[in-house]
Amino acid sequence: MNLDIVIATLSATIKAGTPLLLATLGEIMAERAGILNLGLEGMMLVGALSGFIVCFLTSNPWVGLLVALASGAIIALIHAALTVTLRANQVVSGLAVTLFGTGLSGFLGKMVIGVPIPNYFTPIAIPGLVNIPFLGPILFRQDPLVYLSYLLVPLLAFWIYRTRPGLHLRAVGENPAAADALGVNVYGVRYLYTLIGGALAGMAGAYLSLAYTPVWIENMTAGRGWIAIALVIFATWDPFKALLGSYLFGLVDAVQFRLQAVGVAVPSFFLNMTPYLATIIVLIFATTETARRRIGAPAALGLPYEREEKS
Amino acid sequence: MENNAVKMEGIVKRFPGVLANDHVDFEVRTGEVHALLGENGAGKTTLMSILAGIYRADAGNIYINNRRVHIKSPRDAIKEGVGMIHQNFLLINSHSVAENITLGYDRPRFLLKRKKLEQEIQEIGQKFGLEVDPQAKIWQLSVGEQQRVEILKMLYRGAKILILDEPTAVLTPQEVQELFSTLRRMAQAGHAVVFISHKLEEVMRISDRITVLRKGRKVATLATRDTNPGELARLMVGREVFFDIKKSPPKPGEEVLAIRDLHALSDKGLPALKGVSLSVYSGEILGIAGVAGNGQKELAEVISGLRPAKGGKVLICGKDLTSVSPRRVIEEKVAYIPEDRKGVGTVGNLSVLDNLILKDYRRAPFSSGTFLNLRYIRDHASSLVEKFQIITPTLETSAKLLSGGNLQRLILAREISCSPKLMIAVHPTRGLDVSATESVHRMLLEQRENGAAILLISEDLDELTAISDRLAVIYEGEIMGIVEPKEVTLEEIGLMMAGKKRKMLESSEVTS
Ligand SMILES: Nc1ncnc2c1ncn2[C@@H]1O[C@H](COP(=O)(O)OP(=O)(O)OP(=O)(O)O)[C@@H](O)[C@H]1O
Ligand SMILES: [Mg+2]
């Protein structure tokens, strides 16, 4: 295989991995606070559509991105209100949010199906860095959202492990009663990070509709939200491992695409199936591995919290 | 004027169906250790939770250093210098000691300065005799060390008023000694300490003054040197309490439980039982003494089918029941009173009624085929509630709302109602008040009279020597020796608990 093909495949890997990475990071933040957000797919779709429409109207993808962040957060607010304040079952609420987001985006998106947008995120080579042999063209000839995701990973990791707000975030996800007794605002923290998770999901959606394939297609997330939820487990709630996992899936995607392009005689159904097959394999691997090393989910993940309740 | 660190006035707190605090007045002076006594459910934890901002009082005033304060949240309480160490520790197991201590604190605001924090923790630790490695993760610590972290947490944020809710229930005698010297140092340094306990002898040893609550009301506040355990017990219970237990001579029958060379692993996957062999005969109580974490929990779990054995045998009435399901063990009429009442012993969200039939619902007359026989179940449950004096608003009340003592009565009622052949009781009186402890002991002895074989695992040496017929001492998963409680001194038992071997005493030698 020649080097150009390898570089092109790896560059496509990063493109395909970025929406997964953004969504996984968002889910990590919410789950670190103890909120399981199965509404990811719905939030991504709403983000993708709203970003797309706004970009269509303003022909500015940055404004589209901001709106996508906000609309992801607004949908997440529903999830937070239901699960944190009303203490509804997080699985049920998350599924409802996904159904809602899928339906809403499908309905409102009818009018922009197949419409081209005047302006979207395109790759910008970073001068200097792009000249690094091999890695340069892979990592540094990407669109601005990819660069943002590069920054987000260390930023969030630093936030989680090295700062006081990060400590409070982890504490709320592990033992909200302990955090509450020391004056941490458990409800506030849970709201905040559910919203941040929703915003990142909205950004992941915007990446799809404003950079990856700049059109609106109904259900264009195609299950990436669910893969991201599985990736959180693979990543054991760690941003750097989320990066690794997302690019691993990006690679599967890119290779699958290339095989199809060169007409390898594998049924396309099988190729489309590979990310999900990989998800299952990753889950089997990740869960047994975590069980063995006893580093598991945040202990209070999925559990509502109330102060005067006896547990 | 007296220097009251805390003054609570006319505190009222109502929960659905219970008046937990009924116009309670409570005062603590600076520099004193003040004990708070009362039966299970008397409202001690509730009163102190109000001071610590966890519950909001329905009525009443709180003064700190003679200044009226409004404590609406734990954060307010901490600001006023009140720190509470809860009955169940509020620690984050996967975090380090330092992280737990700095949690919720506002200095430094953003970046965590680990080095500086760890150094500060060590300094406070040295000052009060609370040494602990700041980098260790909570799950790696012993219970005593975890408690030190809880205390450090409060001292670190400058708490002047420290509340300890049953701090000694889970400690070994040595750890209790260390805790008491820490409390003394704190009092001398001008802190006010509130100490909740059911152990009267400890209260007499550590406290300067004592306040007694009964059924939500304050009964008395006394100076410790002017009172005695008998009077305290009478004030708590409202009647005379008898401390000595009448016990008939043992008449051991056939071998009910036989354990042969048993091996098992702990939760962390390390060997917890290393070749334990024991026999328990019908009509006797075999006590197991030992410092917590020497394999007691694993032993009880292997016998009851909750943990697989890695080697050896468990025979019950001659049947091999090694590593079978708990259900199979239950079918052999084995009663199990677990250490963890809330996690293993009961299902908190289910009603008292449901919890009472957890072991029986499968069989007639509780059910016929698929359907539960609700009328029979109700009758059965209400007769148990009456017979075992379980105090609950209704049969439908969630079990998690019962006080510790009542929860234990519920478990005993369920376990005893199947007329067990073998009973495994793990810390059956931990956290129970004097009269509840007395009634648990009475029930265990009653089962012994009825010919049950009883394996009693406890850390309370007074309890073990008072009611067991033979006493086995376990150390690091091995039996150090089996003795007759009357024949040995506490020192000798203490030495065995620290790993010194002694000879085995067979049941026949007790009777001869
Ligand atoms: N959150 C709650 N909801 C409902 N009832 C409660 C709650 N907390 C306590 N109670 C009830 O209030 C009463 C007082 O309980 P509290 O825990 O203060 O007793 P206690 O003196 O600490 O007893 P123990 O010695 O068993 O710890 C009990 O009847 C208890 O069942
Ligand atoms: Mg209590």
Side-chain angles (χ1 to χ4, degrees), chain A residues 31-34 87 89 154-190 236-238 288-311, chain B residues 13 15-16 45-46 49 52-56 73-79 83-86 88-96 98-114 117 138-139 150 153-154 156-157 267-269 342-343 348-349 398-403 407:
Chain A
E31 292 196 14
R32 282 278 185 178
R87 291 187 296 279
N89 183 308
L155 194 79
L156 292 182
F158 183 80
W159 186 267
I160 293 172
Y161 297 113
R162 291 295 172 84
T163 69
R164 177 168 299 282
L167 173 64
H168 291 181
L169 163 66
R170 284 183 286 139
V172 165
E174 291 286 342
N175 189 341
D180 190 23
L182 291 178
V184 176
N185 181 349
V186 174
Y187 296 121
V189 166
R190 288 194 157 180
T236 58
W237 294 267
D238 178 81
T288 51
E289 176 80 352
T290 44
R292 199 169 57 75
R293 284 188 304 174
R294 293 200 167 274
I295 37 163
L301 180 61
L303 303 177
Y305 177 67
E306 186 181 16
R307 185 177 290 163
E308 286 209 7
E309 177 145 26
K310 272 197 166 182
S311 55
Chain B
K13 176 72 187 175
F15 288 115
T45 301
T46 305
S49 299
I54 294 168
Y55 292 161
R56 300 270 287 272
S73 69
R75 175 161 237 148
D76 293 347
I78 291 166
K79 240 184 267 153
M84 177 157 174
I85 289 130
H86 295 263
N88 322 324
F89 295 156
L90 286 171
L91 291 171
I92 297 165
N93 287 329
S94 55
H95 289 188
S96 72
E99 283 176 323
N100 269 279
I101 290 174
T102 190
L103 179 65
Y105 200 54
D106 47 13
R107 258 173 301 137
R109 266 231 170 280
F110 187 70
L111 286 183
L112 299 173
K113 304 206 175 80
R114 277 165 212 259
L117 176 64
I138 297 298
W139 60 265
E150 284 280 27
K153 222 158 81 175
M154 295 307 155
Y156 182 73
R157 45 208 82 207
D267 286 339
K268 290 181 189 156
K342 289 181 175 174
N349 283 327
S398 299
K400 68 178 174 191
L401 296 179
L402 296 190
S403 74
L407 203 60

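In what follows, every heavy atom counts, from backbone to side chain, and hydrogens, waters and symmetry copies are set aside.
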Distance-only criterion, 3.5 Å: show the donor-acceptor pairs between side-chain atoms of residues 179-186 of chain A and protein atoms not counting sequence neighbours.
residue: A:Asp180; atom: OD1; partner: A:Arg307; partner atom: NH2; Å: 2.8
residue: A:Asp180; atom: OD2; partner: A:Tyr305; partner atom: OH; Å: 2.8
residue: A:Asp180; atom: OD2; partner: A:Arg307; partner atom: NE; Å: 2.7
residue: A:Asn185; atom: OD1; partner: A:Tyr187; partner atom: N; Å: 3.4
residue: A:Asn185; atom: OD1; partner: A:Gly188; partner atom: N; Å: 2.9

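Closest approach of A:Trp237 to A:Glu31, counting heavy atoms only: NE1-OE1, 2.8 Å. The two atoms that bring A:Ala177 and B:Leu90 nearest to each other are CB-CD2, 3.7 Å, heavy atoms only.
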Practice item. Evaluate the criterion side chain to side chain contact (heavy atoms under 4.5 Å, CB included) for residue pair B:Leu112 and A:Thr163; output intermediate values, then yes/no. Key: CA-CA 5 Å; B:Leu112 299 173; A:Thr163 69; 5.6 Å; no

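Of the two parts of B:Arg109, only the backbone, made up of N, CA, C and O, holds a non-hydrogen atom closer than 4.5 Å to a non-hydrogen atom of chain A. Within the 4.5 angstrom heavy-atom criterion, atoms from both the backbone and the side chain of B:Thr102 approach chain A. Looking at B:Met84, there are no atoms closer than 4.5 Å to chain A (heavy atoms on both sides), in backbone or side chain.
Chain A forms more heavy-atom pairs under 4.5 Å with one residue of B:Leu103, B:Asp76, B:Asn93 than with any other, namely B:Leu103. Put simply, of B:Met154, B:Lys113, B:Arg157, B:His86, the one with the most heavy-atom pairs under 4.5 Å next to chain A is B:Arg157.
For A:Arg190, the salt bridge (charged side-chain N to carboxylate O under 4.0 Å, His left out) test picks out no residue, with sequence neighbours left out.
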